[in-house]
S.K.: 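Here it is, the structure, as structure tokens.
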Amino acid sequence: MPRQGKPRIVSIVGARPQFVKLAPLSRVIAKRFDHRIIHSGQHYDYEMSAAFFGQLQIPRPDINLKVGSGSHGRQTGRIMERCEAALAKLKPALVLVYGDTNTTLAGALAAVKLQIPVGHIEAGLRSYRLDMPEEVNRRVTDHISDLLFYPTAAAAANLKREAITKGLVRSGDLMYEILDDSRPLIARKRSLLSTFGIESEKFTLITLHRAENTDNPARLTAFINLLRAVPGQKLFLVHPRTLKQFKAISLYRRLAAVPEVIISSPQPYLETLTLLYYSRAVMTDSGGMQKEAFFLGRPCLTLRPETEWVETVRSGANSLIDLSPTKFHRAMATITPRRRRQCTVAGRRPSEIIAGAIDTFLRGR
Ligand code: UD1
């Protein structure tokens, strides 16, 4: 039964960036609604999941579907099947899905087939590359959602181009909100630099996890060659998928032999922000890190030929170097350094905008 007669909202999450977005929103949603959380179990290692719930003080999931890893069809299908059973039990007034992972798509499909309205956080982003699993996930999710919480003007234009005109809400970016709340904690974690044996502004922070990069041996080799061209210390936070790939194709020793490379397991949210803040620059294929670098005023070199966050490139803060050492050197010579940037809608907190729009939507039904 819904708590205290409040409408029940279910958030479906499963991967790292979704936990980060859920953190600020869950605090606000829980005050106005009966909020429940379903964790698909897509990410399950401590550093990929529980570390985020603990550090960001996200309430424990009400249900964990424990799907684990698998091929796309298998993982998506399993989440959908188990979500359907969970939603049939919880009977929410609305389901919220986040971003563009397999959990996003499966959660949205399970809900829509039970005729439960869907709200999509971070709607409207496009790479226009259907060979990226995330592009398929977000496109389908946008087309079956009732409320589309889009972060940027470019996202709104993408939705319009696909004739999606109903339920659009400009919400700003929950990742900006949580980052802004976390800013005072960054200085307190500065001792991390000595733990890694690195100095402020003298190291490059690196992450790589996109299937287009990790599942292609030629690209992994090009990545190592790029690392060799980066001067100074390089701190590489390695996603478990990437580590497995390096080992599977016997490239790990070549990676570890790159001069001044430090290889580390993935870090929790605040630690990653701290490392980013004190870095000279970040090299990444993560969408979240591109934005975090933008918000913290650090130069970002994106290890992809395109990005969904086109504003970061237009502003001169982000450079699409793909895996090219030449583009790396050119970008480092021209990229705009420290300038703090904002991403809220007229100073309103994204979580408040989203909760308000859900309230209005449910009252209108
Ligand atoms: C997923 C999302 C991606 C998102 C990323 C954030 C999809 C298609 N991709 O990618 O959009 O940017 O999360 O991190 O949904 N693994 C572990 N432990 C874990 C989780 C994964 O070892 O806790 C390994 C497994 O070998 C697994 C592989 O990583 O097969 C890939 O995991 P998966 O969740 O399928 O995709 P991500 O690469 O994490």
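Numbering of ligands and ligand atoms starts at 1, following listing order.
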S.K.: Who's closest to atom 39 (O) of ligand 1 heavy-atom-wise, of Arg16, Glu135, His43?
M.R.: His43
S.K.: Please list, in number order, the atoms of ligand 1 under 4.0 Å from a heavy atom of Gln75.
M.R.: 35 (O)
S.K.: I'd like to check whether His72 has a polar contact with ligand 1, where a contact means an N/O of the residue lying under 3.5 Å from an N/O of the ligand.
M.R.: no
S.K.: Tell me: protein heavy atom nearest atom 18 (N) of ligand 1, and distance?
M.R.: Asp45 OD2, 2.9 Å
S.K.: Could Arg348 and Glu177 be called an ion pair, given the rule that one side-chain N must be under 4.0 Å from one carboxylate O?
M.R.: no
S.K.: Which distance, rounded to the nearest 0.5 Å, do you find between the CG of Asn137 and the OG1 of Thr104?
M.R.: 6.5 Å
S.K.: Are the aromatic ring centres of Phe223 and Phe236 under 6.0 angstrom apart?
M.R.: yes
S.K.: Verify whether one side chain among Tyr128 and Asn158 offers a donor that lies under 3.5 Å from an acceptor in the other.
M.R.: yes
S.K.: Classify the ring geometry between His39 and Phe53 as parallel (under 30°), tilted (30 to 60°) or perpendicular (over 60°).
M.R.: parallel
S.K.: Could you check atom 31 (C) of ligand 1 against the protein and tell me its nearest heavy-atom contact, residue, atom and distance included?
M.R.: Arg241 NH1, 3.2 Å
S.K.: Give me the nearest non-hydrogen protein atom to atom 2 (C) of ligand 1 as residue plus atom name, then the distance to 0.1 Å.
M.R.: Thr101 CG2, 3.8 Å
S.K.: Glu134 to ligand 1: N or O pair under 3.5 Å?
M.R.: yes
S.K.: Can you report which non-hydrogen protein atom sits closest to atom 17 (C) of ligand 1, along with the distance?
M.R.: Tyr44 OH, 3.3 Å
S.K.: I'd like to know if Asp142 and Arg138 make a salt bridge, using a cut-off of under 4.0 Å between side-chain N and carboxylate O.
M.R.: no
S.K.: Between Asp181 and Arg349, does any side-chain N to carboxylate O distance fall below 4.0 Å?
M.R.: yes
S.K.: I need the minimum non-hydrogen distance between Leu276 and Ser279, along with the two atoms involved.
M.R.: O-OG, 2.7 Å
S.K.: Name the closest protein heavy atom to atom 12 (O) of ligand 1, giving the residue it belongs to and the distance to 0.1 Å.
M.R.: His209 NE2, 2.9 Å
S.K.: I want to confirm something. Looking only at heavy atoms, which of Ala50, Pro17, Gly14 is nearest to atom 6 (C) of ligand 1?
M.R.: Pro17
S.K.: Note the single closest protein heavy atom to atom 25 (C) of ligand 1, along with its residue, its atom name and the distance in Å.
M.R.: Ser69 OG, 3.3 Å
S.K.: Before accepting this row, confirm whether a basic side-chain N of the pair Asp45/Arg16 lies closer than 4.0 Å to the acidic partner's carboxylate O.
M.R.: no
S.K.: At what distance is the nearest protein heavy atom to atom 33 (P) of ligand 1, and which residue and atom is it?
M.R.: Gln42 NE2, 3.8 Å
S.K.: Of the protein's non-hydrogen atoms, which lies at the shortest distance from atom 26 (O) of ligand 1, and what is that distance?
M.R.: Lys244 NZ, 2.7 Å
S.K.: Going by the rule side chain to side chain donor-acceptor pair (under 3.5 Å), which residues pair with Glu306 if we only count those two or more places apart in sequence or in a different chain?
M.R.: Arg129, Arg304
S.K.: Backbone or side chain, does any N or O of Asn102 fall under 3.5 Å from an N or O of ligand 1?
M.R.: yes
S.K.: Give the atoms of ligand 1, by number and element, whose distance to some non-hydrogen atom of Asp100 is under 4.0 Å.
M.R.: 11 (O)
S.K.: As an exercise, identify every atom of ligand 1 less than 4.0 angstrom from a heavy atom of Pro240.
M.R.: 16 (N), 17 (C), 18 (N), 22 (O)
